[in-house]
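Here's the structure, in C-alpha cells; my notes come after.
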Amino acid sequence: MNDRSNVAVMDPHGCSVPMVDAERVAAVRETLPSDDTVQDLAQVFGLLADPGRLRMMAALLEGGEMCVCDLAAATGQSMSGASHALRLLRMRRVVKVRRSGRMAYYQLADSHVRMLLDLAITHARHTEPTGLADPAELPKTAEPAKPAEPGEEEGGDG
C-alpha cells in the first residue's frame, strides 16, 4: 500500500506558497479594472480577433472616414460582410458612423482606438511569425573579447 499523504506537490511555476508579497498583491488588486470593464475589454478584443474586421479597421486607420462600399472594395469583402463587421464594431464603440443622405461614412471612434491599432500593427511588423524579434533589429552589443593568441600574455609587454 502506497501512502501519498506525505508527498509535497510543487507548483509547476516554482511557487510553494499561495502568496509571496501580500502588500504587492493587495496594491495590484486595488488597481485592476472592474469586472464590467474586463468583460467590455474582452468583447472588444474578441472583435479584433477577426482578420476581416482588422482589415476594416486598418483601412479606416489609413483612409480616414470612408463609406461602406469603399471599405468593402478596399478590404476585399462583400457589401453585406462589410456592413455586418461595421455594425459589430459600432456596437462596441470601436467605429462611429456619420450619415449623409443615404450614404453612411465610418471612421475609427477616437484616438485611443487609432493608437491601439497603430501599436498593434507596429508590433506585428517588428516581430517574425514565430514571435521572435528580427535579429537585424536587435540592439548591437559589444563584441566579446577575443582570447589571447598562444604565446601572448594579458597586460602587454611583459
Side-chain angles (χ1 to χ4, degrees), residues 4 7-145:
R4 295 180 181 236
V7 176
V9 178
M10 286 295 293
D11 183 285
H13 302 289
C15 291
S16 59
V17 294
M19 192 181 328
V20 173
D21 189 342
E23 287 181 31
R24 180 176 292 180
V25 170
V28 167
R29 283 184 168 210
E30 286 181 25
T31 63
L32 288 177
S34 70
D35 289 345
D36 289 342
T37 300
V38 170
Q39 287 296 328
D40 287 345
L41 286 170
Q43 289 178 1
V44 168
F45 280 107
L47 284 174
L48 303 182
D50 177 75
R53 289 189 290 263
L54 278 174
R55 267 191 227 87
M56 187 79 54
M57 291 178 60
L60 290 170
L61 182 66
E62 291 300 318
E65 185 179 72
M66 296 176 72
C67 69
V68 178
C69 48
D70 287 348
L71 281 166
T75 60
Q77 297 183 36
S78 67
M79 284 288 291
S80 64
S83 293
H84 179 70
L86 289 163
R87 183 172 56 250
L88 292 173
L89 292 168
R90 190 179 73 237
M91 287 172 41
R92 298 306 318 161
R93 298 181 322 270
V94 174
V95 299
K96 61 184 178 180
V97 64
R98 178 182 65 82
R99 299 198 186 280
S100 178
R102 295 183 59 172
M103 297 294 291
Y105 294 89
Y106 287 85
Q107 62 182 319
L108 296 176
D110 59 33
S111 62
H112 299 110
V113 173
R114 286 189 292 279
M115 188 181 337
L116 176 65
L117 183 60
D118 193 35
L119 286 171
I121 290 170
T122 300
H123 174 72
R125 288 180 177 158
H126 281 66
T127 58
E128 293 181 342
T130 61
L132 300 174
D134 180 355
E137 295 177 7
L138 293 175
K140 301 287 184 204
T141 57
E143 300 246 345

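The basis for the numbers below is simple: all heavy atoms, side chains too, and nothing from hydrogens, waters or symmetry mates.
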I'd like to check [X] versus [Y] (side-chain heavy atoms, cut-off strictly below 4.5 Å). Are they in contact?
X: Leu47; Y: Met91; result: no
X: Gln39; Y: Asp35; result: no
X: Val113; Y: Leu61; result: no
X: Leu116; Y: Leu48; result: yes

Legend entry - Donor-acceptor pair, side chain of Ser78 and main chain of Gly81, under 3.5 angstrom: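 Yes, Ser78 side chain to Gly81 backbone: donor-acceptor pair under 3.5 Å.
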Legend entry - Contacts of type side-chain hydrogen bond (donor to acceptor under 3.5 Å, both in side chains), residue Arg92, not counting sequence neighbours: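 Asp40, Gln43.
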Legend entry - Result of checking Leu89, Asp70, Val68 against Tyr106 for side chain to side chain contact (heavy atoms under 4.5 Å, CB included):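 Testing each of Leu89, Asp70, Val68 against Tyr106, the sole residue satisfying side chain to side chain contact (heavy atoms under 4.5 Å, CB included) is Val68.
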Inset, instruction - Let me know which of Met57, Met79, Met66, Arg55 forms a side chain to side chain contact (heavy atoms under 4.5 Å, CB included) with Leu71. - result: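 Result for side chain to side chain contact (heavy atoms under 4.5 Å, CB included) with Leu71: Met66.
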Measure across [X] and [Y] and return the closest heavy-atom pair with its distance rounded to 0.1 Å.
X: Arg53; Y: Gly46; value: NH2-O, 3.9 Å
X: Met56; Y: Ala85; value: CE-CB, 4.3 Å
X: Ala104; Y: Val97; value: CB-CG2, 3.9 Å
X: Cys69; Y: Met103; value: SG-CE, 4.3 Å
X: Tyr105; Y: Ser100; value: CE1-CB, 4.0 Å

Inset, instruction - For Arg98, look at atom CZ and say whether over 12 heavy atoms of other residues, nucleotides or ligands are found less than 6.0 Å away. - result: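 Above 12, so yes.
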Inset, instruction - Supply the atom-to-atom distance Ile121 CD1 to His123 NE2, rounded to the nearest 0.5 angstrom. - result: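 It is 12.5 Å, given to the nearest 0.5 Å.
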Legend entry - Separation of His84 NE2 from Ser80 OG (nearest 0.5 Å):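 Answer rounded to 0.5 Å: 9.5 Å.
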Inset, instruction - Test side chain to side chain contact (heavy atoms under 4.5 Å, CB included) on Leu54 and Leu117 and set out the steps. - result: CA-CA 9 Å; Leu54 278 174; Leu117 183 60; 4.2 Å; yes
